[in-house]
K.L.:
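Please see the structure below; I have some questions.
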Number of protein chains: 2
Amino acid sequence: MRPREFDHDEVLRIAFDQFWRNGVRGTSLSDIARDAGVQRGSLYNAFGSKEALFLQAYERYAEDYLAALQKALGAGSLRKRITAFFDLTITNFRSGTPPRGCPTTRGLMELGAAEGEGLDDDARQAFANLIARITALVQDTLSAGAARGEFDGNAAAAALHIVTVTRGLAVLERAFGDEPQLRKIAAHTIDLVLGKKGG
Amino acid sequence: MRPREFDHDEVLRIAFDQFWRNGVRGTSLSDIARDAGVQRGSLYNAFGSKEALFLQAYERYAEDYLAALQKALGAGSLRKRITAFFDLTITNFRSGTPPRGCPTTRGLMELGAAEGEGLDDDARQAFANLIARITALVQDTLSAGAARGEFDGNAAAAALHIVTVTRGLAVLERAFGDEPQLRKIAAHTIDLVLGKKGG
DNA sequence: CGATGTATTTGACGCTGTGTCAAAAACATG
DNA sequence: CATGTTTTTGACACAGCGTCAAATACATCG
């Protein structure tokens, strides 16, 4: 066995950074190979294809992101938790200069588009998975809040609504890039779901 | 002057159909040229580039779609109007086999991704424009409903919320493709914004 | 310590797709 | 019928994805 000459995880991080900033379409394997100091062929050998590389880089990111979301949802009153959730979400896809957008939404739309390619099903699955896990986190938070009397309603429906709004915010961010307006929409959503009273 | 040998609008329709079904990335100008019975070079001469062709085809579609939305929003009680709005929205991006998704959201994410290309700014502008016009239509409908005592709240904020949800639905459609669930989210949103009482 | 085997690296190749260009063709106009 | 303008046409250059065989480097075993 000949050992790898590069660090697997570091290449994934470099690749995801490129993909996030320039999109899947706007990133060539030559770009990644140059930035990572690796031959293009080695990337194919190690990861299979451009989309497979993106997916692996994405899933690596997704775990980190989920952990951060879980932390944001874990402290304070229910309203504080949901507010922190929206804050992290918006801050995440307004990060970078220029803002890089939501990698999940962007990836889903870029890769999930072409049907019947086989790997695209894996891609869709990966994105659907993250969204489902986020929804579950929010739902658990709402259920716990309901048990403490901070929420009165259908936790599943409310969680789905909240996550739908965050996906919509990811789209509006691309269209307008008006961060204050995004935060207004988030605040309005919280009021709608939790009621307008403070706390 | 030598006259065109093809029908400008028909090519736009053929092109948009391809783009909608297979995505911008998944559609080559050779595909469109073949389907339209036109040489590839003629497309470049007439439309400039692939993205420019997509944009022109998109804007042609957008006018038709806006007209349909306006019609859906124009009859019945406020609740009926907003319900018709969501119905048309979901039906639109569940149309085709397999469902083609929301062309605005897909186009925005596919083209708006690569920054600093110049034409991409035009693309973003076109999508942002449609979203803004849809929001205005919904807001007008809500304002009119408020005047008739059917709605009590901030029409601008509510319209923005509703449109944000439709963008989120477009994303969830790609992720899960579960149409009944999409319609549930829509119904839940209507209840949140208009209140749970019938009418 | 040297031989063997296995996985990685490397560079060249084929293919598809975008976009450009100059020459040929077709028609409107005078 | 001659002229000029625009479209058409086919060839070309270029970038990017993916593949392959040969070369390479190392672990392992005798």
Side-chain angles (χ1 to χ4, degrees), chain A residues 1-12 14-19 21-58 107 110-120 122-123, chain B residues 1-12 14-19 21-58 107 110-120 122-123:
Chain A
M1 298 258 288
R2 176 176 179 175
R4 288 256 161 80
E5 293 184 0
F6 59 89
D7 184 73
H8 194 266
D9 267 26
E10 177 165 343
V11 168
L12 284 184
I14 292 173
F16 188 72
D17 178 64
Q18 290 263 347
F19 283 131
R21 281 193 285 110
N22 305 323
V24 178
R25 191 191 179 206
T27 302
S28 74
L29 285 200
S30 304
D31 295 334
I32 296 170
R34 179 176 24 75
D35 273 33
V38 171
Q39 286 296 103
R40 209 166 52 87
S42 296
L43 296 179
Y44 280 98
N45 177 62
F47 302 104
S49 71
K50 182 180 174 177
E51 292 195 2
L53 169 57
F54 171 74
L55 271 192
Q56 291 173 59
Y58 172 77
E110 277 196 76
L111 291 189
E115 293 266 350
E117 290 285 319
L119 185 58
D120 291 332
D122 292 354
Chain B
M1 298 259 288
R2 175 176 179 174
R4 287 255 162 79
E5 292 183 1
F6 60 88
D7 183 73
H8 193 266
D9 266 27
E10 177 165 343
V11 169
L12 284 184
I14 291 173
F16 187 72
D17 179 64
Q18 291 263 346
F19 283 131
R21 280 193 286 111
N22 304 324
V24 177
R25 192 189 177 207
T27 302
S28 74
L29 285 198
S30 303
D31 294 335
I32 296 170
R34 179 176 24 74
D35 274 32
V38 170
Q39 286 295 105
R40 210 166 51 88
S42 297
L43 295 179
Y44 279 99
N45 176 61
F47 301 104
S49 74
K50 181 181 176 178
E51 291 196 5
L53 168 57
F54 172 75
L55 269 192
Q56 291 173 57
Y58 173 77
E110 278 198 75
L111 291 189
E115 294 266 349
E117 290 285 320
L119 185 58
D120 290 333
D122 292 354

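Letters A, B, ... mirror the listed sequences (proteins, then strands); counts begin at 1.
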K.L.:
Please tabulate the protein-to-nucleotide N/O contacts below 3.5 Å involving nucleotides 26-30 of chain C, giving atom names and distances.
P.N.:
from   : atom 1 : to     : atom 2 : distance (Å)
C:dA26 : O4'    : B:Arg2 : NE     : 3.3
C:dC27 : O2     : B:Met1 : O      : 3.3

K.L.:
Can you run through DNA chain D from 5' to 3' and write each base as (, ), [, ], | or . depending on how it pairs? Watson-Crick or G-U wobble, both distances under 3.5 Å.
P.N.:
||||||||||||||||||||||||||||||

K.L.:
Which residue pairs pass the ring pair (Phe, Tyr, Trp, His ring centres under 6.0 Å) test when at least one of the two sits in residues 27-52 of chain A, sequence neighbours left out?
P.N.:
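Listed by first then second residue: A:His8-A:Phe47.
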
K.L.:
Parallel, tilted or perpendicular: which fits the ring planes of A:Phe16 and A:Phe54, with parallel below 30° and perpendicular above 60°?
P.N.:
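Rings of A:Phe16 and A:Phe54: parallel, as their planes differ by under 30°.
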
K.L.:
Take atom CZ of A:Phe54 and atom P of D:dG16, then tell me their distance rounded to the nearest Å.
P.N.:
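Going from CZ in A:Phe54 over to P in D:dG16 covers 18 Å.
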
K.L.:
Who pairs with B:Asp9 by salt bridge (Lys or Arg N to Asp or Glu O under 4.0 Å), at least two apart in sequence or on another chain?
P.N.:
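B:Arg60.
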
K.L.:
Nearest-Å distance, NE2 (B:His8) to C1' (D:dT6)?
P.N.:
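Checked: the NE2 to C1' distance equals 14 Å.
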
K.L.:
Starting from P on D:dT6, measure out to CZ on B:Phe6 and report it in whole angstrom.
P.N.:
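In whole Å, D:dT6 P lies 15 Å from B:Phe6 CZ.
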
K.L.:
Ignoring the backbone of A:Arg4, work out which of C:dT18, C:dT8, D:dG16 is nearest its side chain.
P.N.:
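My answer, after comparing the listed nucleotides, is C:dT8.
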
K.L.:
Main chain of B:Leu111, side chain of B:Glu51: is a donor-acceptor contact present, judged purely on distance under 3.5 Å?
P.N.:
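Not a single qualifying donor-acceptor pair exists.
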
K.L.:
For B:Asn45 and B:Arg4, work out which heavy atoms get closest and say how close.
P.N.:
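Nearest heavy atoms, B:Asn45 then B:Arg4: ND2-NH2, 4.5 Å.
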
K.L.:
Quick one: side chain to side chain donor-acceptor pair (under 3.5 Å) pairs with a partner in residues 34-43 of chain A, sequence neighbours left out?
P.N.:
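Output for this query lists A:Gln18-A:Asp35, A:Asp31-A:Arg34.
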
K.L.:
Measure from CZ on A:Phe47 to P on D:dT19 and round the result to the nearest Å.
P.N.:
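Value for this atom pair: 16 Å.
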
K.L.:
D:dA15 P sits how many Å from B:Lys50 NZ, rounded?
P.N.:
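Answer to the nearest Å: 18 Å.
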
K.L.:
To the nearest Å, give me how far apart CG (B:Leu29) and C1' (C:dT20) are.
P.N.:
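From B:Leu29 CG to C:dT20 C1': 13 Å.
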
K.L.:
For A:Glu5, enumerate each residue passing the side-chain contact (heavy atoms from CB on, under 4.5 Å) test, keeping only those at least two apart in sequence or located in another chain.
P.N.:
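Partners of A:Glu5 under the side-chain contact (heavy atoms from CB on, under 4.5 Å) test: A:Arg2.
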
K.L.:
Please report the distance, rounded to the nearest Å, between CG in B:Leu53 and C1' in C:dT18.
P.N.:
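Going from CG in B:Leu53 over to C1' in C:dT18 covers 13 Å.
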
K.L.:
Looking only at heavy atoms, which two atoms of B:Lys50 and B:Thr27 are closest? And how far apart?
P.N.:
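Of all heavy-atom pairs spanning B:Lys50 and B:Thr27, the closest is NZ-O, 2.7 Å.
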
K.L.:
If you round to the nearest 0.5 Å, how far is CG of A:Asn22 from CG of A:Asp17?
P.N.:
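Those atoms lie 8.5 Å apart.
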
K.L.:
Check A:Val11 against A:Ala36 and note the closest heavy-atom contact, atom names and distance.
P.N.:
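Nearest pair, atom of A:Val11 first, then A:Ala36: CG2-CB, 4.2 Å.
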
K.L.:
In residues 36-45 of chain B, which residues come under 4.0 Å of DNA chain C by heavy atom?
P.N.:
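Output list: B:Arg40, B:Tyr44.
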
K.L.:
Specify the closest pair of heavy atoms between A:Ala57 and A:Leu12, including all atoms of both residues, with the distance to one decimal.
P.N.:
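Scanning both residues, the minimum pair turns out to be CB-O, 3.5 Å.
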
K.L.:
Send over the distance from A:Arg25 CZ to C:dT16 P, rounded to a whole Å.
P.N.:
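That distance rounds to 20 Å.
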
